[in-house]
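Numbers for residues simply follow the sequence, beginning at 1. Just follow the structure's listing: the first ligand is 1, and inside any ligand the first atom is 1. Scope of the values below: all heavy atoms of this structure, side chains included, with no hydrogens, waters or symmetry mates.
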Amino acid sequence: MDITALRNITYGLYVVGTNDNGRPTGCIINTCFQVTSENPIVAISMNKNNYTHDVIVRHRKFSLAILAEESDTSLITTFGFQSSRNKNKYEGYDYSWKDDVPILNGKFSGHIICEVLHFANNETHDVIFARVTDTIADDGTPMTYAYYHNVIKGKAPKNAPTYVKEETAPGTNQPKPGKRYVCEVCGYIHEGELPDDFKCPICQAPRNCFKEI
Ligand SMILES: Cc1cc2nc3c(=O)[nH]c(=O)nc-3n(C[C@H](O)[C@H](O)[C@H](O)COP(=O)(O)O)c2cc1C
């Protein structure tokens with residue numbers, strides 16, 4: 001199947017934050033949409049392998065920080081390519097607690113606080129439907145998924161619903177021509193030779209963190 005059309009579905013980017021028995025935990029998602037307008041319900045798609053999934057199952061509350069173009073882009077590397085299983089992702093970021101969930105401080109397009117209503121099982125992912133219990137306004141320009149790809153040159157990791165295997169050219173089973181390297185820290189793909197002093201443009205990882213694919 002040619003999946004090119006799926007790449008044209010538009011999204012934003014969000015940090016989902018939740019509460020692991022007092023420890024703030026969370027991850028990046030691009031899949032969030034408003035389901036109803038009155039007494040609003042939203043939905044997010046969460047990979048069952050994400051630690052954030054397990055914590056939301058237990059805690060049943062989460063926050064959504066709507067990423068802005070002005071937001072600190074290191075949030076994407078920290079929250080989107082590492083796991084709270086073995087890292088305290090909120091360390092080094094300014095945050096506060098509200099209604100038992102962490103709220104990141106800094107520039108965003110707003111924050112939404114949610115209480116889980118139900119989980120819909122979809123093979124690898126649960127779609128989590130949740131009641132909006134509060135919101136915090138902010139005036140950053142919402143970061144679209146297209147901006148993330150085209151301006152920040154970011155990729156989707158394995159657990160994102162939009163993940164595309166990078167070994168083949170889009171929509172084909174043919175390997176892409178030329179040398180390609182993946183940053184093992186954040187998933188950024190570099191095409192062409194790697195200079196000796198190369199650093200990942202997304203997460204600043206050094207050359208030895210790149211593996212040829
Ligand atoms: C741009 C981007 C979009 C992502 N979108 C989703 C998503 O919609 N759903 C999801 O489950 N994971 C998504 N992920 C993957 C998780 O953020 C990632 O697997 C994270 O390391 C999980 O951390 P955790 O184990 O602490 O929960 C996305 C990651 C990135 C970088």
Side-chain angles (χ1 to χ4, degrees), residues 6-7 9-35 42-69 71-93 95 101-102 104 108-109 112 114 116 119-130 142-166 182-189 200-205:
L6 294 181
R7 294 177 159 220
I9 298 176
T10 58
Y11 304 92
L13 279 181
Y14 313 84
V15 179
V16 180
T18 185
N19 181 340
D20 184 19
N21 295 318
R23 183 175 71 113
T25 49
C27 74
I28 293 284
I29 59 162
N30 59 277
T31 48
C32 169
F33 64 99
Q34 186 171 344
V35 179
V42 293
I44 63 174
S45 175
M46 182 61 68
N47 191 296
K48 294 174 189 172
N49 291 330
N50 286 348
Y51 189 69
T52 308
H53 173 273
D54 301 355
V55 180
I56 292 176
V57 167
R58 255 189 282 122
H59 187 61
R60 298 190 70 89
K61 281 185 196 171
F62 59 89
S63 58
L64 290 165
I66 306 169
L67 280 180
E69 290 178 7
S71 296
D72 178 351
T73 51
S74 78
L75 287 165
I76 301 174
T77 316
T78 306
F79 283 83
F81 291 96
Q82 303 180 61
S83 180
S84 296
R85 271 188 196 91
N86 44 36
K87 186 180 168 76
N88 287 324
K89 298 185 189 179
Y90 280 77
E91 224 167 61
Y93 295 102
Y95 69 93
V101 289
L104 284 162
F108 291 93
S109 303
I112 303 171
C114 306
V116 173
F119 293 80
N121 178 11
N122 295 277
E123 300 172 355
T124 51
H125 289 68
D126 270 341
V127 175
I128 306 173
F129 292 85
M143 186 190 290
T144 63
Y145 205 43
Y147 180 94
Y148 171 66
H149 283 298
N150 300 335
V151 181
I152 307 183
K153 306 276 184 218
K155 306 286 171 188
K158 258 205 170 119
N159 287 352
T162 45
Y163 172 69
V164 178
K165 269 196 190 144
E166 287 288 349
V182 62
C183 172
E184 295 195 294
V185 177
C186 76
Y188 172 77
I189 307 279
C200 176
I202 305 294
C203 70
Q204 312 305 318

Check: Taking both backbone and side-chain atoms of Y145, is any N or O found less than 3.5 Å from an N or O belonging to ligand 1?
Finding: no
Check: In the protein, which heavy atom is nearest to atom 25 (O) of ligand 1, and how far is it?
Finding: S83 OG, 2.6 Å
Check: What distance separates Y14 OH from I28 CD1, expressed to the nearest 0.5 Å?
Finding: 11.5 Å
Next item on the list: Could you tell me whether the side chains of N50 and T52 share a donor-acceptor contact shorter than 3.5 Å?
Entry: no
Next item on the list: Could you list the atoms of ligand 1 found under 4.0 angstrom from a heavy atom of F79?
Entry: 17 (O), 20 (C)
Checklist line | Shortest protein heavy-atom distance from atom 21 (O) of ligand 1, along with the residue and atom involved | finding: Q82 O, 2.7 Å
Note to self: Parallel, tilted or perpendicular, judged at 30° and 60°: which one describes the rings of Y145 and Y148?
What the structure shows: parallel
Note to self: I need the atoms of ligand 1 closer than 4.0 Å to a non-hydrogen atom of T31, numbered in the order shown.
What the structure shows: 7 (C), 8 (O), 9 (N)
Notebook entry, point to check: Got an N/O contact under 3.5 Å between H53 and ligand 1?
Noted result: no
Notebook entry, point to check: Atoms of ligand 1 less than 4.0 Å from K89 heavy atoms?
Noted result: 23 (O), 24 (P), 26 (O)
Check: Taking the side chain from T78 and the backbone from K89, do they hold a donor-acceptor pair closer than 3.5 Å?
Finding: no
Check: Which one of M46, Q82, H53 satisfies the side-chain contact (heavy atoms from CB on, under 4.5 Å) criterion with C27?
Finding: M46
Notebook entry, point to check: Among protein heavy atoms, which sits nearest to atom 30 (C) of ligand 1, and what does the distance come to when rounded to 0.1 Å?
Noted result: P157 CD, 3.3 Å
Notebook entry, point to check: Which atoms of ligand 1 sit under 4.0 Å from any heavy atom of L13?
Noted result: 1 (C)
Margin query: Under 4.0 Å from a heavy atom of N47: which atoms of ligand 1 are those, numbered in the order shown and with their elements?
Written below: 10 (C), 11 (O)
Notebook entry, point to check: Quick one: nearest non-hydrogen protein atom to atom 7 (C) of ligand 1, plus distance?
Noted result: P161 CD, 3.1 Å
Check: In terms of residue, atom name and distance, what is the protein heavy atom nearest to atom 5 (N) of ligand 1?
Finding: N30 OD1, 2.8 Å
Margin query: Heavy atoms only: which of S45, C27, S84, G80 lies closest to atom 18 (C) of ligand 1?
Written below: G80
Next item on the list: Go through Y90 and F79 one step at a time and tell me if the ring-ring contact (aromatic ring centres under 6.0 Å, His included) criterion holds.
Entry: CA-CA 9 Å; Y90 280 77; F79 283 83; 4.9 Å; yes
Notebook entry, point to check: Below 3.5 angstrom, do we get any N/O pair linking I28 and ligand 1?
Noted result: yes
Item checked: Close approach, T25 and ligand 1, non-hydrogen under 4.0 angstrom -> no
Note to self: Return the NE2 to CG distance between H125 and N49, rounded to the nearest 0.5 Å.
What the structure shows: 8.5 Å
Check: Going by distance only, is there an N or O of Y148 that falls short of 3.5 Å from an N or O of ligand 1?
Finding: no
Note to self: Under the rule for salt bridge (Lys or Arg N to Asp or Glu O under 4.0 Å), what residues qualify as partners of R60, not counting sequence neighbours?
What the structure shows: none
Check: Against heavy atoms of M46, which atoms of ligand 1 measure under 4.0 Å?
Finding: 11 (O)
Item checked: Nearest-0.5 Å distance, OG1 of residue T25 to CD1 of residue I56 -> 8.0 Å
Check: Quick one: CG on N88 to CG on D20, what's the gap to the nearest 0.5 Å?
Finding: 9.0 Å
Notebook entry, point to check: With a 4.5 Å limit on heavy-atom distance, are the side chains of Y11 and T144 in contact?
Noted result: no
Next item on the list: Calculate, to the nearest 0.5 Å, the distance between atoms CG and CE belonging to L75 and M143 respectively.
Entry: 9.0 Å
Notebook entry, point to check: Hey, does G26 sit under 4.0 Å from ligand 1 if you only count heavy atoms?
Noted result: yes
Item checked: atom 19 (O) of ligand 1: the protein heavy-atom neighbour that sits closest, reported with distance to 0.1 Å -> N50 OD1, 3.0 Å
Notebook entry, point to check: Which residue supplies the protein heavy atom nearest to atom 27 (O) of ligand 1, what is that atom called, and how far is it?
Noted result: T52 OG1, 2.5 Å
